[in-house]
K.L.:
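Have a look at the structure that comes next, please.
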2 protein chains.
Amino acid sequence: MSVKLNTDKLDLQIINAMMNDAEISYAELGKKLFVSAGTIHVRIKKLQEMNIISGTRMNVNVKLLGYDCTAFVGIYLEKSSLYDVVAKELKKIPEIVRLNYITGSYSMFLEVVCKDIAQLRRVLHDELQKIKGIERTETFISLEEGFSRTLVVVDPE
Amino acid sequence: MSVKLNTDKLDLQIINAMMNDAEISYAELGKKLFVSAGTIHVRIKKLQEMNIISGTRMNVNVKLLGYDCTAFVGIYLEKSSLYDVVAKELKKIPEIVRLNYITGSYSMFLEVVCKDIAQLRRVLHDELQKIKGIERTETFISLEEGFSRTLVVVDPE
DNA sequence: ATTGAAAGAGTCTCAGT
DNA sequence: ACTGAGACTCTTTCAAT
């Protein structure tokens, strides 16, 4: 069950705004949403206490820092019971920025960010294949990112 | 080529810190990195001008708002030349938060965030299959997110 | 719950080094 | 290029509604 029942339209408007730009001031956001800065403040405090929102992150263009190579990796495990022990090993590899357990052909699915193909090869061959329990992997190199955006959260219909 | 040559160790330390927590004050970050708040400020301004960093986003736990269903979707296109027209249609579907062009079996790869399986079915069946040029799709539903983290950017070795 | 104003904290600018 | 201090803006608190 969700805590959605305790959030109203104003909360969702604040969330959608701050999800895309957390630098907007309470005064400016309040003006947009026709309430005072104080109201924005108490709502944000409430949403933080409900763990719906938590901190902010700076957007970084890692491409400009030389990280030009994103790949997705599907993992076949020898046994499903090896999930946790393999996940623990994968977490040690800094180039892996995300791990999901999924349905379908693969047991696990990774997102990997590297500087170049050479580094990706090192991660796949030297690091991944070394982990006990991984049967084989399938790699999809991202040629280009079409788009990436935040979800727009809406009320239940 | 990257603009990496114009960034030093201090820049990277600032980036790594603010990528994870953009709310830290310049004074506090300066203390950690043994420089003044003013220096943090000019470095951040420089990084913004270089387009390496750009704005901040609030972290939102969309699960608590009822968005409990993440899926990855591989797309087979009838012809590769249909990339752009199909991408344009996909961008109109708000549940699709990310699109990548990739190597391998699929032409495109999507990340979709929905409230439940019923909404995912609607997106896949009613929206996706309706788009001209999509031959077929393959869906991987995320059962659980193992982890998700920001990349740690480092100097060239 | 929301407001408006005062107190506190952070950002931004700039002259000096 | 970095620092420290002053000006400015934003967050936070709170009494009143």
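Chain identifiers are assigned alphabetically (A, B, ...) following the order of the sequence lines, protein sequences preceding nucleic acid strands; residue numbering begins at 1 within each chain. Note: hydrogens, waters and symmetry copies are ignored here, and every other heavy atom, side chains too, is used.
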K.L.:
For A/S107, check side chain to side chain donor-acceptor pair (under 3.5 Å) against everything at least two apart and list the hits.
P.N.:
none

K.L.:
How many Å lie between CG on B/D11 and C1' on D/dA1, as a whole number?
P.N.:
12 Å

K.L.:
Sequence neighbours left out, what passes salt bridge (Lys or Arg N to Asp or Glu O under 4.0 Å) with A/K92? Give chain and number order.
P.N.:
A/E89

K.L.:
Sugar-phosphate atoms are those with a prime plus P, OP1 and OP2; base atoms are the rest. Using that split, label each nucleotide of nucleotides 10-17 of chain D B, S or - for protein heavy atoms under 4.0 Å, 5' to 3'.
P.N.:
SSSB----

K.L.:
For B/T139, check side chain to side chain donor-acceptor pair (under 3.5 Å) against everything at least two apart and list the hits.
P.N.:
none

K.L.:
With sequence neighbours left out, what residues match B/S148 under side-chain contact (heavy atoms from CB on, under 4.5 Å)?
P.N.:
A/R98, B/E145

K.L.:
Pairs in or reaching into residues 65-81 of chain B: which pass salt bridge (charged side-chain N to carboxylate O under 4.0 Å, His left out), with residues at least two apart or in two chains?
P.N.:
none

K.L.:
Does B/S36 place a side-chain N or O at less than 4.0 Å from the phosphate oxygens OP1/OP2 of D/dC2?
P.N.:
no

K.L.:
Would you check if the distance from the ring center of A/F72 to the ring center of B/Y101 is below 6.0 Å?
P.N.:
no

K.L.:
For the pair made of CZ in B/F34 and P in D/dT3, what is the distance, rounded to whole Å?
P.N.:
12 Å

K.L.:
For B/I40 and C/dT11, give me the distance from atom CD1 to atom P, rounded to whole Å.
P.N.:
10 Å

K.L.:
Rounded to the nearest angstrom, tell me the gap between atom NZ in A/K9 and atom P in C/dT2.
P.N.:
14 Å

K.L.:
Atom CG of A/L29 to atom P of C/dT3: distance rounded to whole Å?
P.N.:
13 Å

K.L.:
Of the nucleotides C/dT3, D/dG4, C/dT2, which one has an atom closest to the side chain of A/R43?
P.N.:
C/dT2

K.L.:
Tell me: CG of A/D8 to P of C/dT2, nearest whole Å?
P.N.:
7 Å

K.L.:
From NZ of B/K31 over to P of C/dA9, roughly how many Å is that when rounded to an integer?
P.N.:
13 Å

